[in-house]
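Structure first, commentary second.
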Amino acid sequence: MARPRWLHIFAIFLLVAFLVLSWYSLHEKERSEAIQRGEEVYASHDCTDCHLPAHVLAEKLRRAELSLVRIRRKPEALHQFLATDQRHESFRLMRQQDQEDLIQYLLSLVPP
Ligand code: HEC
């Protein structure tokens, strides 16, 4: 009776693979929505007074060039910098969700 056991194992394997893939695609969807919202946050604050507009940053990313984010490439370090640097006061005044989305967007600009 070896066959039914293998069928069981295979069925469990398929189920686990399905769950992992579902979780992954949901996670990716949430991430890309956050990045999109973050781009809107970037475009609707004073960021482009001093930095390049989002469409130019997108073009640089397509060419795999570094652009806005060069030094602080970890969320904590970027958050810490923007929250304490005087020129970035508008960041401190945002609601927390906008800050998180903006950070996700900024980090998405770093070429892989
Ligand atoms: C008054 C001009 C000014 C404004 C407005 C401004 N920045 Fe900056 N920003 C700077 C300067 C100057 C630097 C470089 C400072 C440094 O690296 O020490 C910088 C650096 C940065 C960096 C680079 C961090 C790194 O580690 O490479 C990021 C990201 C950034 N700004 C995002 C933003 C965002 C997002 C906004 C809008 C909320 C914004 N900036 C608004 C002047 C500005």
Side-chain angles (χ1 to χ4, degrees):
M1 294 293 278
R3 223 163 115 222
R5 184 142 38 107
W6 280 111
L7 275 177
H8 261 127
I9 291 168
F10 186 60
I12 290 168
F13 170 79
L14 281 183
L15 186 67
V16 170
F18 173 75
L19 289 175
V20 168
L21 277 177
S22 304
W23 179 86
Y24 184 75
S25 69
L26 190 70
H27 184 74
E28 273 305 297
K29 185 166 170 279
E30 278 170 9
R31 199 177 89 90
S32 76
E33 284 170 358
I35 290 172
Q36 218 169 334
R37 288 195 306 269
E39 184 177 320
E40 284 162 24
V41 174
Y42 180 80
S44 61
H45 286 76
D46 62 348
C47 314
T48 50
D49 291 357
C50 301
H51 300 295
L52 293 169
H55 73 272
V56 177
L57 296 177
E59 184 52 38
K60 282 180 174 282
L61 180 61
R62 257 192 296 281
R63 283 188 258 130
E65 283 174 23
L66 275 180
S67 56
L68 183 48
V69 178
R70 290 166 182 271
I71 303 163
R72 301 156 196 92
R73 301 189 195 180
K74 294 256 159 32
E76 303 77 26
L78 201 49
H79 192 283
Q80 167 79 8
F81 168 69
L82 294 174
T84 53
D85 186 79
Q86 279 200 350
R87 293 157 299 198
H88 296 90
E89 199 183 4
S90 63
F91 181 81
R92 231 174 309 140
L93 302 173
M94 287 172 199
R95 49 193 196 116
Q96 197 186 339
Q97 182 67 57
D98 286 351
Q99 290 184 344
E100 285 169 16
D101 292 342
L102 179 61
I103 297 273
Q104 290 249 38
Y105 163 66
L106 292 171
L107 291 174
S108 78
L109 297 173
V110 178

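Indexing begins at 1, ligand by ligand and atom by atom, following the structure's order.
Looking at His88, Gln99, Arg87, it is His88 that brings a heavy atom closest to atom 7 (N) of ligand 1. Comparing Arg72, Gln86, Arg70, His45 by heavy-atom distance to atom 24 (C) of ligand 1, the nearest is Arg72.
The nearest N, O or S atom of Cys50 is not closer to atom 8 (Fe) of ligand 1 than 2.8 Å. Distance check for His51 against atom 8 (Fe) of ligand 1: an N/O/S atom falls below 2.8 Å.
For atom 32 (C) of ligand 1, the nearest non-hydrogen atom of the protein is Leu82 CD2, 3.8 Å. Nearest non-hydrogen protein atom to atom 23 (C) of ligand 1 is Leu68 O, 3.4 Å. Looking only at heavy atoms of the protein, atom 16 (C) of ligand 1 is closest to Phe81 CZ, 4.0 Å.
Atom 43 (C) of ligand 1 is approached by the protein to below 4.0 angstrom, counting heavy atoms only.
The proximity of Asp85 to ligand 1, defined as any non-hydrogen pair under 4.0 Å, does not occur for either the backbone or the side chain.
Nearest heavy-atom pair, Tyr105 versus Ala54, reported as atom, atom and distance to 0.1 Å: OH-CB, 3.6 Å.
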Step-by-step side chain to side chain contact (heavy atoms under 4.5 Å, CB included) determination, Leu68 to Leu52: CA-CA 8 Å; Leu68 183 48; Leu52 293 169; over 6 Å; no
Residue pair Glu40, Arg37: steps toward the salt bridge (Lys or Arg N to Asp or Glu O under 4.0 Å) verdict: CA-CA 5 Å; Glu40 284 162 24; Arg37 288 195 306 269; over 6 Å; no
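Atom CG of Leu66 and atom CG of Leu57 lie 11.5 Å apart (nearest 0.5 Å).
Side-chain polar atoms of Gln80 and Glu76 form no donor-acceptor pair below 3.5 angstrom.
Cluster annotation: Val56 and Leu109 are assigned to the same hydrophobic cluster (Ile/Leu/Val/Met/Phe/Trp/Tyr, side-chain heavy-atom contacts under 4.5 Å, transitive).
Ligand 1 places these atoms under 4.0 Å from at least one heavy atom of Val69: 27 (O), 29 (C).
Note: His51 and His88 have parallel aromatic rings, judged against thresholds of 30 and 60 degrees for the angle between ring planes.
The N/O atoms of Cys47, backbone and side chain alike, include none that comes under 3.5 Å of an N/O atom in ligand 1.
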